[in-house]
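So that the names make sense, note that chain A is the first sequence line, chain B the second, and so on, each numbered from 1.
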Amino acid sequence: MTNADPIALIDQSLRVAIRAAFGEGFDDVDPILREAQKREFGDWQANVAMSLGKRLGKPPREVAETILDQVDFGDVVSESSIAGPGFINLRLSPSAVAAALLAMDTPSLGVANDPSDHPVAIDMVSVNVAKRMHVGHLRSAVIGDAIARTLERRGRTVIRQNHLGDWGTPIALVLAQLRNNGVNLDEVTLEDLDTAYREAQANAKADRRGAEATRRFFAGSHRHAELEAQNEGADEVIAAAKQDLVQLQAGDPELHADWRKMIDCTLDAVQETIDLLGVRMRRDSDKGESFYNDQLAGVVDAFLASGKAREDDGAIVVDFPDRDRPMIIRKRDGGFLYATTDLAAIRHRTHDLNADRILYIVDIRQRDHFRDVFEASRMLGWDTCADGLAAELNHLGFGTVLGADGKPLKTRSGTNASLMGLIEEAIRRGTDAVLARSQDPSAPTHGLSEEDLGRIGRAVGIAAIKYADLSSDAAKDYVFDMDRMVAFEGDTGPYLLYAHARICSLLDRAGGVPNGAQFQPHEPAEKDLGLQLLGYAKVVHQVSHSLEPHHLCGYLHRLAGLFASFYQQCSVLKAEDPAVQASRLRLCDLVRRVLSDGLDLLGMESPQRM
RNA sequence: GCGGGUGUAGCUCAAUUGGAUAGAGCACCGGUCUACGAAACCGGCGGUUGCAGGUUCGAAUCCUGCCAUCCGCGCCA
């Protein structure tokens, strides 16, 4: 915040006034400044009088009057009044808004860096080897990317961690299946892998009760429950796979080479999808379960040595003081579990990566799992970095993607909808719309090359999908309705892109912002737009803490809406007074940059035309 | 059975974390383009915030009890 920040100035003035009016003991009273919810009331309001009234035993309105008698807002506030039970309503002077806009009109747009120099580790996407990506991965990728970009915007180093499901009996089963099928792994496609995966699954469960296993099989990514094939009483297929796994672990060169090829094939396909989605993640983000494999025995030993784990019916478990269900970290047969791997991963991320914040962008149904793992890791101090700083461990759990019927989104055949298919359809529909509009000779996109139009269509389609995913509370389920998303009307990603594109062409026609342009937000629409702009840094800071991108979506949508109103009410190019025109152009330019910056944090492109 | 989430306009979602008359979008009705881009703007219709109590100046938000619904619950990941 700069010293031109009118809200900080008002806050300070009120604190001084409260101290002066009520004496010592009222040194540090929060004026409870809030944005006014309705413009009729004012721009901002202070709600301190109500709580202070109680403390002083005086009517809140009287308290408010006393404060206003004492306060000196300088020329920041143009109008103040008392309303209702004791709200202090304030209207900012145009000059104060102008000064604040001037202060934020810098490359940073007022967004401050986070002081921490530790990296942040984000566990996101987390695909399963040999499986196609499906909608279950969409949210982790989109939300994770938005969070990562927001933290990077604040100067943090973000280490994306693709916690691959690349180890264990499931993977061994697929390998065995591939060899049975005589598949040449040098030319293997993800299709082959996916098929082998399904066949392996079918074989594994053929000899056993299938219903429950089938239900789990279709549940989602490996971080959900994809293969229910590790129960005791393994049949021959599983026994053989476990044998393979032992050999693989022992370093059998041929098996290891096949295993690598399988991973490479999967990840090449993943990369293609990730790139098309515009999610920033590369192969150097890969750190799968296999990475932690040789640390798992040590994890269990550490818990045993510290007395935090005990043996129970042959298994090793960790107890929690407030829960009766323990967490198993080693099975009776000596095998390790998902929890064991996650404990190793936390230790790696604090001890080796030095991360002071570890975020998990994983389905919310795993809340209990992460609660257990986080708490257990704290028992051994594995949440602390080398410098003694305790890392913040956070599970950003997201809800399920539902179809129009309100049930988890599936294809007609009942399998999980392919993520690539969804993305391609969104892009196709975005491109169709862009192409159709470019037919109009007066359209700004008229005459653009097919390549350019395709690029714009892609940006529009992707923005539609992402905005739908990001604009509501991540923890809740949401209905994936392609028709609504790509209607491109109302509260959608394309609406934001459209606002941005209009500003671009406006500035284009004007030849940019004139030298010496000064902010003069006198018209109500100009001032409202200006006030909204001033809130940008705050919302970015907020999202980087709360991990709620939907607040940024809401902010940008309001900004775009206020711009649309302003655009309707205030002529820019036709403004008669050159100073007014210059002011409006500068305002437009600032809106454009904030929109573009905000869209980028959400992982969306902002084309100049659409 | 135990634990957790959710419940807001016909539909999809918000609500600055306890503030004023609960807001948007879609749908519906009515206005605004020989154009600073109508993917837009302006107005209208639409609510007992699941129900019942409680806390206080003030509750969608906090507490208690119900109802509905979804999810999780030791050797799967």
Give A:Gln37 one of three labels, base, sugar-phosphate or nothing, depending on what nucleic acid heavy atoms sit under 4.0 Å from its own. base
Among B:G72, B:A15, B:C76, the one nearest any side-chain atom of A:Leu337 is B:C76
Heavy-atom donor-acceptor pair, A:Glu489 side-chain to B:A40 base, under 3.5 Å
no
Distance, P atom - from B:G31 to B:G58, rounded to whole angstrom = 46 Å
In Watson-Crick or G-U wobble terms, with both distances under 3.5 Å, the base opposite B:A59 is none
Query - A:Tyr498-B:A40 aromatic stacking (under 5.5 Å, under 30°) - result: no
Query raised in the report: Is any side-chain N of the basic residue among A:Arg455 and A:Asp452 closer than 4.0 Å to the acidic one's carboxylate O?
Result: yes
- hbond_proxy A:Asn89 side chain to B:A20 base (donor-acceptor, 3.5 Å cutoff): yes
Any strand, both distances under 3.5 Å, Watson-Crick or G-U wobble: B:A22 pairs with none
pair_partner(B:G43), Watson-Crick or wobble, both distances < 3.5 Å, evaluates to B:C29
Could you walk me through whether A:Asn128 and A:Tyr197 satisfy the side chain to side chain donor-acceptor pair (under 3.5 Å) test, starting with their C-alpha distance in whole Å, then the side-chain angles of each, then the deciding distance to 0.1 Å, before giving a yes or no?
CA-CA 11 Å; A:Asn128 202 41; A:Tyr197 197 106; 2.9 Å; yes
Within the modelled atom types, does a donor on one side and an acceptor on the other bring the side chain of A:Asp313 and the base of B:C75 under 3.5 Å apart?
yes
message = Check this for me, if you would: do A:Arg371 and A:Asp322 make a salt bridge, where the nitrogen-to-carboxylate-oxygen distance has to be below 4.0 angstrom?
response = yes
Review point. Any salt bridge between A:Arg484 and A:Asp491, counting N to O under 4.0 Å?
Key: no
Assign each of A:Ala433 and A:Ser546 the nucleotide of RNA chain B bearing its closest heavy atom; nearer the 5' end lies the nucleotide of A:Ser546
